[in-house]
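Let me give you the structure first, and then I'll get to my questions.
Order of appearance sets the numbers: ligands from 1, and atoms from 1 within every ligand.
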Amino acid sequence: MRWKALNHEWTFPRPALLMGIVNVTPDSFSDGGCFLSPADAIRHALTLEAEGAEIIDIGGESTRPGAAPVTEAEELRRVLPVIEGLAGRLKAAISIDTRKATVARAAVLAGASIVNDVGAASAGTDMLDLVATTGVGYVCMHMQGSPDTMQAAPRYRDVVAEVRAFLAERLRRLTAAGIRTDQVVVDPGIGFGKTLEHNLALLAALKMVGSSGRPLLLGASRKSFISNLLGVKPEDRLPGSLACAVWAVEQGVQILRIHDVAATHQAIRMHEAMSTKLKQALRQALELKQSEPRS
Ligand code: 8Y4
């Protein structure tokens, strides 16, 4: 399976692909606006790449529940200097986290090769045309409702079945809009219109969610369901986040959207080594068994 994103291409299976998060918002709860200046954001992106990120996801619009809407001009003012400053300095692919086709277009012109569209549910023809005509990669994420209201009363009859059906239906709509399947990865959208129980159900059923035939991306890093489950402070969510990352990879997730790249990279490499060893031992046992004279 391949994921093609403009000038980047990844072939799966391979060790999990890490997408490092660079927020350029004043109100993002985990980064607290630490990377608001373009120079700081650029420095942080270079650090994440050095730590093992192969994709840098740059976002200028907070999707935090209740967050004030950001104008197109403001979103561009936040993200464009960062993308321009990174273009040509990164081996990693640049991903633009936006729901606006105009922002996505400007970002792609400035050097982004992936559009991370958390608004896939409502993506208009402008967004789909941009992806189709440029050949950029596209992250198609599930969300119930819209960021301002999504956490008010999330409801599903069967969250796993509904998210799976949504992603399958969306893939068909993307194809109909002229987007090649190999440009697209899918994402259950942890925390986007989901209760703790919904998030856990999706994490437990990642193999079902990921059976669309496209690589699965997961964003669980530092999200509030970890605190809701474990009763830990927001700044203490790293261990819970690492458990989610390792679990997700074991369940077949190919791409992780994360804040803590160095720590996640270490956890994933450790898992990968043990998993490779197990597969090797199983293969050897099978060969031994097959070479036994049959009785
Ligand atoms: C602490 C840290 C509390 C982070 C909340 C958050 C996803 C995403 C986001 C995701 C994809 C977030 C842009 C929400 N989550 N894109 N974006 N998948 N593809 N919240 O799960 O990180 S923003």
* Show which atoms of ligand 1 fall inside a sub-4.0 Å distance from at least one heavy-atom site of V139. =>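 Matching atoms, with element in brackets: 19 (N).
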
* Can any side-chain N or O of R164 pair as donor or acceptor with the backbone N or O of S211 at less than 3.5 Å? ->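 A pair under 3.5 Å: no.
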
* For ligand 1, which atoms sit closer than 4.0 Å to a heavy atom of V118? ->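 It comes down to these atoms of ligand 1: 8 (C), 13 (C), 16 (N), 17 (N).
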
* To do: Give the contacting part of P234 toward ligand 1: side chain, backbone, both or neither, where contact means a heavy-atom distance below 4.0 Å.
  =>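 Near ligand 1, P234 shows nothing, with every heavy atom at 4.0 Å or more.
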
* Asked: Backbone or side chain, does any N or O of R222 fall under 3.5 Å from an N or O of ligand 1?
  ->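 N/O-N/O distance under 3.5 Å: no.
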
* **Polar atom proximity, K223 to ligand 1 (N or O, under 3.5 Å)** =>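 So ligand 1 has an N or O lying under 3.5 Å from an N or O of K223.
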
* Asked: Would you say Q183's side chain and V131's backbone share a donor-acceptor pair under 3.5 angstrom?
  ->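 The answer is yes, because a donor-acceptor pair under 3.5 Å joins these two groups.
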
* Asked: A16 and I268: which non-hydrogen atoms are nearest, and at how many Å?
  ->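 For A16 and I268, the tightest heavy-atom pair comes out as CB-CG2, 4.0 Å.
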
* To do: Give the contacting part of M141 toward ligand 1: side chain, backbone, both or neither, where contact means a heavy-atom distance below 4.0 Å.
  =>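 For M141, the contact with ligand 1 is made by the side chain alone.
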
* For Y156, what residues pass the ring-ring contact (aromatic ring centres under 6.0 Å, His included) criterion, not counting sequence neighbours? ->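 Checked Y156 against ring-ring contact (aromatic ring centres under 6.0 Å, His included); matches are H198.
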
* Any chance you could measure I190, atom CD1, to H142, atom NE2, to the nearest 0.5 Å? =>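 I190 atom CD1 to H142 atom NE2 measures 11.0 Å (nearest 0.5 Å).
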
* **Check: R257 N/O within less than 3.5 Å of ligand 1 N/O** =>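 N/O-N/O distance under 3.5 Å: yes.
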
* To do: Name all pairs fulfilling the salt bridge (Lys or Arg N to Asp or Glu O under 4.0 Å) condition that reach into residues 174-200, sequence neighbours left out, sorted by first residue then second.
  =>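 Listed once each, the pairs are K4-D182, R180-D182.
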
* Region of L217 that comes within reach of ligand 1 [heavy atoms, distance under 4.0 Å] ->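 The answer is the side chain.
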
* **Atom indices of ligand 1, in the order listed, that fall short of 4.0 Å to a heavy atom of D97** =>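 Close to D97: 13 (C).
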
* Between D57 and ligand 1, is there a nitrogen or oxygen pair with a distance under 3.5 Å? ->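 Min N/O separation from ligand 1 is not below 3.5 Å for D57.
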
* To do: Say whether, by atom type as modelled, one donor and one acceptor occur between the side chain of D260 and the main chain of A263 under 3.5 angstrom.
  =>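 It does not hold such a pair.
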
